[in-house]
Colleague: 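Quick one: structure below, then a few questions.
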Protein chains: 2
Amino acid sequence: MDVGEQELLTAIGKVLSGAGPEVLVGVGDDAAVVRPGPGDLVITTDVMVEGTHFDRTFTSARDLGYKAVVVNLSDIAAMGASPRQAVCALTLTDAVDAAWTMELFGGMREACDEHALWMIGGNLALGREVTVAVTVIGEVARGRAVTRSGAQVGDAVVVTGSLGGSAAGLKIAAGSAVSWSGDERDALSRHFRPMARVGEGQGIAHAGATGMIDISDGFSLDLSRLCRASGVAANIHASSIPVHPAATQDQALAGGEDYELLATIPPAAVVPLAAELMEQFGTRLSVIGEIGPGEGVTIDDAAGRRTLDPVGWDHFA
Amino acid sequence: MDVGEQELLTAIGKVLSGAGPEVLVGVGDDAAVVRPGPGDLVITTDVMVEGTHFDRTFTSARDLGYKAVVVNLSDIAAMGASPRQAVCALTLTDAVDAAWTMELFGGMREACDEHALWMIGGNLALGREVTVAVTVIGEVARGRAVTRSGAQVGDAVVVTGSLGGSAAGLKIAAGSAVSWSGDERDALSRHFRPMARVGEGQGIAHAGATGMIDISDGFSLDLSRLCRASGVAANIHASSIPVHPAATQDQALAGGEDYELLATIPPAAVVPLAAELMEQFGTRLSVIGEIGPGEGVTIDDAAGRRTLDPVGWDHFA
């Protein structure tokens, strides 16, 4: 590192400056102090590890900082909650300098600004690989958080946006092409600058969602988790899956890192909810299947119905 | 890793099982959900990085887990708050197995149980070095958090327990001795199993502390931070510093990782507070100096008064 810790902390404090009136003590004390709102707290943490989740050769510091916040916002969104504050435990290495670090915090600030949350504290350490561990605290009306475990037989299975774009973007980035189509550029953006469906998650919750999960590890794996937690089965129609235009069906089913929301809702709620999400956010809501009794996930396609194995990201596989 | 991610998560869930009624959704969903109490929230995060903060050759998984929670509890204590919930973002490597990981969570659970807080969520990742990033959320009566910035001219400077023990313990552990004196064993314990002064911090806050900080990076550095944040100077009496019996004065002044509390309080509050901390916790409170106008820290010893440079842990030095 080309500056001292105190100098870097001072510079970071400037990037993160400003906070709402609910933040009583921000960056720079032993801990931050916040006055909570009337709702329940929703808390999540996620980490981006160099060599596992990103490669500094391909990923800019700004995109990394942005994504490190967004992956947490996606979990907050999946509970139907609003993000409020974030803290970051950052491990740097000798291979990065102060300019890189400031870009990282600039990216975090961008994601925070887009969603009206405040980065109120953190910790700096030095190691042999960069890790960015972010914790986000959100708020949801009392007793209204949407978990994975409430899906009911007869519910529709819905998904926001499109699937497979992030996996396609990662493959495109690792390739040798030097120019890309519009769809390919969008896939790259889905990988390096994913969106968190925060407003959509609140809309889905208000529409009476019984279960919700964000698609971070892969559609088939995350749907199987929701079904197991709820004690139900799901059947999916292959032709209804909103495959990203640059992705394959396999990437859509198992690619991971799409950060779309997968939810179960009473069928009568689907049409007005889809209209609302399109009008408010320009986001498509696709009905892709239904919840039934039993366990596991099946998929219908031209070849008939088969079991959909829960395939996706397993760190230890 | 010798098991799959889902299997490991299930085992971790068993170690972390149980929670108070305020925890509405615990480990296993996209995010945890908690009903906040009536007070302000206090939020802190800290990370332990392999090769920087610990060496797996010397540090057991259980001690590491315990300490990863305690270093955060110490920050909560320094605000005069009570810890409530914790989340952990853990990065593992191919060099550790499921048994090591379960010991780590066992140590975290021990620290949580001792302080009545719940580990309610987390995240697992794989990397090339183990990092344990813990975030703790605490609660303090509204508007009553004690920051670093309120020290007043005329206040007494007080410190809990003893200083330098952790640095002495680290040196002893790195040495070749195979048996140790009682003081040396205590120093080893101070390094590998530090205590968080949570009850003491609340007592100090109730006694009217104007400023408080935990001694994590070194006494002289942390005192200089408190003085700078408060816009005051401090003078310390060298003979009053409670040096750990296995430590040198240098280790006490700059060693770091003692996790004692350093506070400023009106002089009239000192005697009853010291009696209370001894009676309730068996913890000594030492008056080691006083706050004056100006800036910086000076120290009086047999050779006269000199400037005490802020020396301690700087990750980038």
Side-chain angles (χ1 to χ4, degrees), chain A residues 1 3-6 8 24-25 28-36 40-47 49-53 75-76 78-79 81 85 87-89 91 120-129 131 133 135 137-138 140 142-143 145 147-149 212-214 229 314-317, chain B residues 1 3-6 8 24-25 28-36 40-47 49-53 75-76 78-79 81 85 87-89 91 120-129 131 133 135 137-138 140 142-143 145 147-149 212-214 229 314-317:
Chain A
M1 185 57 58
V3 301
E5 183 173 2
Q6 192 56 53
L8 190 59
L24 307 178
V25 178
D29 217 295
D30 292 275
V33 183
V34 166
R35 179 133 316 157
D40 288 333
L41 302 177
V42 177
I43 305 152
T44 188
T45 190
D46 213 337
V47 62
V49 179
E50 185 173 5
T52 299
H53 299 94
D75 285 321
I76 297 289
M79 308 301 286
Q85 295 94 25
V87 294
C88 173
T91 305
I120 56 171
N123 185 75
L124 282 185
L126 198 62
R128 288 169 297 155
E129 65 191 2
T131 68
T135 301
I137 298 175
V140 66
R142 286 190 169 218
T147 67
R148 302 178 178 182
S149 56
M212 186 150 51
I213 188 170
D214 80 314
D314 181 334
H315 283 97
F316 308 134
Chain B
M1 185 56 59
V3 300
E5 185 173 0
Q6 193 56 53
L8 190 60
L24 307 179
V25 178
D29 216 297
D30 292 276
V33 183
V34 166
R35 179 130 319 154
D40 288 333
L41 302 178
V42 178
I43 304 152
T44 187
T45 190
D46 213 338
V47 62
V49 179
E50 184 173 6
T52 300
H53 299 95
D75 284 320
I76 297 288
M79 308 303 284
Q85 296 94 26
V87 294
C88 174
T91 304
I120 56 171
N123 185 74
L124 282 185
L126 197 64
R128 286 169 299 155
E129 65 192 1
T131 69
T135 301
I137 298 175
V140 66
R142 286 190 167 217
T147 68
R148 303 177 177 182
S149 57
M212 185 149 55
I213 189 171
D214 80 313
D314 181 333
H315 283 97
F316 309 134

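Chain letters run A, B, ... following the sequence lines, proteins first, then strands; residues in each count from 1. Hydrogens, waters and symmetry mates play no part in the numbers below; they use all other heavy atoms, side chains included.
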Colleague: Any side-chain heavy atom of B/E129 within less than 4.5 Å of one from A/E129?
Modeller: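 Yes, side chains in contact.
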Colleague: Looking at every heavy atom in both A/L126 and B/V49, which two are closest together, and how far apart are they?
Modeller: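 Closest approach of A/L126 to B/V49, heavy atoms only: O-CG1, 4.1 Å.
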Colleague: Measure the spacing between CG of B/D214 and CE of B/M79 and express it to the nearest 0.5 Å.
Modeller: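 Here the interatomic distance stands at 10.5 Å.
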Colleague: Answer with side chain, backbone, both or neither: which region of B/L24 has an atom nearer than 4.5 Å to a non-hydrogen atom of chain A?
Modeller: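 The side chain, not the backbone.
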Colleague: Sort B/V42 into side chain, backbone, both or neither according to what part of it lies under 4.5 angstrom from a heavy atom of chain A.
Modeller: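 Looking at B/V42, backbone and side chain both touch chain A.
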Colleague: Could you have a look at B/A133, B/G127, B/G143 and say which one has the most heavy-atom pairs with chain A under 4.5 angstrom?
Modeller: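 Maximum pair count with chain A is reached by B/G127.
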Colleague: With sequence neighbours left out, what residues match B/T44 under side-chain hydrogen bond (donor to acceptor under 3.5 Å, both in side chains)?
Modeller: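 Checked B/T44 against side-chain hydrogen bond (donor to acceptor under 3.5 Å, both in side chains); matches are B/D75.
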Colleague: Which one, B/A229, B/S149, B/A89, leads in non-hydrogen pairs under 4.5 Å with chain A?
Modeller: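 Option with the greatest count: B/A89.
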Colleague: Quick one: side-chain hydrogen bond (donor to acceptor under 3.5 Å, both in side chains) partners of B/R142, sequence neighbours excluded?
Modeller: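 Expected list: none.
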Colleague: Answer with side chain, backbone, both or neither: which region of A/V25 has an atom nearer than 4.5 Å to a non-hydrogen atom of chain B?
Modeller: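 For A/V25, side-chain heavy atoms alone lie under 4.5 Å from chain B.
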Colleague: What option among A/T147, A/D40, A/V140 has the most heavy-atom pairs under 4.5 Å with chain B?
Modeller: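 Maximum pair count with chain B is reached by A/D40.
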Colleague: Under a 4.5 Å heavy-atom cutoff, which of A/A145, A/G121, A/G28 has the most pairs with chain B?
Modeller: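 Top option by heavy-atom pairs under 4.5 Å: A/G28.
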Colleague: Answer whether the closest heavy-atom distance between the side chains of A/L41 and B/L41 falls below 4.5 Å.
Modeller: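 Heavy-atom side-chain distance check passes, below 4.5 Å.
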Colleague: If I measure from the heavy atoms of chain A, does B/V34 come under 4.5 Å with its side chain, its backbone, both, or neither?
Modeller: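 Contact with chain A: backbone and side chain both.
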Colleague: So which heavy atom on B/D29 is nearest to which on A/R148, and how close?
Modeller: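 For B/D29 versus A/R148, the nearest heavy atoms are OD2-N, 2.9 Å.
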Colleague: Which atoms of B/T45 are under 4.5 Å from chain A, going by heavy atoms: the side chain, the backbone, both sets, or neither?
Modeller: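 B/T45 touches chain A through backbone and side-chain heavy atoms alike.
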Colleague: Highest number of heavy-atom pairs under 4.5 Å with chain A: which of B/A81, B/G51, B/G122?
Modeller: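 Option with the top pair count is B/G122.
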